[in-house]
Amino acid sequence: MKKEDTKPTLEARRAFLAKLAGAATCAGAVVGAATLGVVPAASAKTEAPSDGASFPTKDYDWTKHQWGFGVDATKCIGCLRCVEACKTENDVPLNAHQFRTWVERYVHLEGEEQVRIDSQQDPVNIEASGSEKTFRFANRYKDAKVDKAFFVPKLCNHCTHPACVQVCPTGATYKTEDGVVLVDETYCIGCRYCVQACPYGARFLNEEKGVADKCTWCYHRITKGLQPACVEVCPVGARVFGNLKDKQSPVSLFIRNNRVQVLKAEMGNAPNVFYVGIDKEVN
Amino acid sequence: MPKHIFRLLLLILGVVVVAVIAPQFLTVDSFYRFGHYRANSVPEIAAKEPVLQTARYCQDCHTERHAQWSASNHKSVTCEVCHGAALGHPQNGKLPIPKDAAKLCTLCHEAMPGRPRTQPQIQVAQHSGGQQCTVCHNPHSPKIAAALVKVAGNDTAGKQKAADCAACHGETGISPNDTWPNLAGQNAAYLVRILAAYKSGDQKDVAMTPLAQALSDADIQNLATYYAGLNCKGAASGKAAGDAAAGKVLAKNCVACHGETGIGSNPAWPQLAGQQPGYLVNVLKAFKAGLRKDPMMAGISRGLSDTDIANLAAYYAAQNCQSTK
């Protein structure tokens, strides 16, 4: 029987598409509900390694360590060996403005109320060192009447409640089980939200890689039983590192034997770098 | 329900469905294993090769140097701080030996406000007269070794014993001769150290060695106390052959240990003011030739010509000495 030679009407086409969309949505909703039922079981946090082996490496089990860092600002001589060692160790771009760790100098001149603060990136100090690849503090207060002066080394505090981890949109930055805040370079999109969020200014954008970068406490060294590069080279022992779970580690003894404080405690990040000998202006 | 509202709700529902289903397929397996991050990035980060190797790595080949360094004050300054990272060494060749030592050493040792008092610091312009740090200091054992010996002798006993020394050194410790040194007013700690060195063989001198070997330790203490208490004469008696004015310019390099006019502040090192010039010339030449042994003086005398030596001797001989008490 010959069908009537008519094209489907506009209304008929629309009705058909609407039915198709409805069917697809319902099917999708069913599949979605099914996977939703499966997913919560599969995405449990702190899941134990499926094969029982130690994580992250076979020689290093992160559940046995909780890393901490101490800074004794009464010992720092401002030699900046730590800054250079960190740059060498971690491929940090060799310029004045990108650094994973830095040292600040606080100087009170006689008769002045306001403290003078500079760090190795100050142009005067860059001029003294001769290049942006090496670092030196210029002896600019040599002939001045100095009331009080001291150096304060600073680095990422690897906070227990890090603001940077909270704001990361992709999950590129995170806190490991052993207390180190790391950056996954393959997932970072370079939005710089974490750079903005960090109250200590510890993060920066690595322009060579296009991702956020920061001190990692030399994770690749500490998981091999070595110390972070800055701790290794400090000639006066101003930087102290160790396992907080071990009561005899250098950092545990440092915290126990000294009156320690942290920077910007009121911001709620619970930092894990403990300072001895800093002054009221240091924050 | 109006059609446009219904279609909008349907669209939203469609988006929600995609948003729920798609991550199940698009999320990497290790994500969510321990939290909101890709768990496999942790071993990736941990796998990076360390660049700084630590001093223990250097010890394998540079055993003697490592032993010297680790017994010194500089044991807290690891090798790689001055020589650079050891990754790839020795395969990639030698590590640099810093040429401009002063630029490196002053990074830590330049006197700077803010450095704690416990850090050894120097006023760079006044410390060495522009010489390199390594002229006097071995970077692997930088503390200058003249240990201060205790002097507790009896000068009466010393006076008795000194009768044997008068033939060369004079009845009152002022030598009759240009060649033999004045001892009157010399630092007692230095005298003890040098006599002990002659006795033990650390220093060798044709005349002094047998004489010192005949002395007991108590004799040495007594003699040193006696001579230190004597009055030195103003300037030296011998006629100096050099140019004292030229010597004065050179002597700026000696200020750190011997003082501006040859009167030093550290009693472990000898006073030079008013000393016999012939003796000074011989001693400097002996240091230069390695016949008289002192690690610091060896480095310093290496740079002196014979004319320099004569001029220095003339300068110091012409200075007024001062009695130690």
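Protein chains get the first letters and strands the later ones, always in sequence-line order, with residue 1 at the start of each. Atoms considered below: every heavy atom in the structure, side chains included; atoms not considered: hydrogens, waters and symmetry mates.
B/Phe34 and A/Phe55 have their aromatic ring centers within a separation under 6.0 angstrom.
Note on A/Asn90, A/Leu182, A/Val236, A/Thr57: by heavy-atom pairs under 4.5 Å with chain B, the leading option is A/Leu182. When each of A/Asn139, A/Leu80, A/Thr223 is checked for heavy-atom pairs under 4.5 Å with chain B, A/Asn139 comes out on top. Considering only heavy-atom pairs separated by less than 4.5 Å from chain B, the leading option among A/Ala149, A/Cys168, A/Gly78 is A/Ala149. Of the listed residues (A/Cys234, A/Gly237, A/Pro56, A/Cys76), the one with the most heavy-atom contacts under 4.5 Å to chain B is A/Pro56. Taking chain A as the reference chain and counting heavy-atom pairs below 4.5 Å, the highest number among B/Glu110, B/Lys75, B/Arg7 is found for B/Glu110.
Contact of A/Cys218 with chain B is not made at all, since no heavy-atom distance falls under 4.5 Å. In this structure, chain B has heavy atoms under 4.5 Å from both the backbone and the side chain of A/Val233. Within the 4.5 angstrom heavy-atom criterion, atoms from both the backbone and the side chain of A/Phe137 approach chain B.
A 4.5 Å side-chain heavy-atom check between B/Glu44 and A/Glu185 finds every atom pair outside the cut-off. Side chains of B/Pro50 and A/Leu226 form a contact here, defined as non-hydrogen atoms less than 4.5 Å apart. You'll find the side chain of A/Glu232 stays beyond 4.5 Å of the side chain of B/Glu80, heavy atoms only.
Side-chain atoms of A/Lys224 come within 3.5 Å of backbone N or O of B/Ala46 as a donor-acceptor pair. A donor-acceptor pair under 3.5 Å is absent between the side-chain atoms of A/Arg81 and the main chain of B/Cys108, judged by distance alone.
In this structure, OG1 in B/Thr54 is found 10.0 Å from CD in A/Gln227, a value given to the nearest 0.5 Å.
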**Message:** Go through it in stages, so that I can follow the logic: the residues are A/Trp62 and B/Val42, the test is side-chain contact (heavy atoms from CB on, under 4.5 Å), and I'd like the CA-CA distance, side-chain angles, deciding distance and then a yes or no.
**Reply:** CA-CA 10 Å; A/Trp62 66 357; B/Val42 183; 4.0 Å; yes

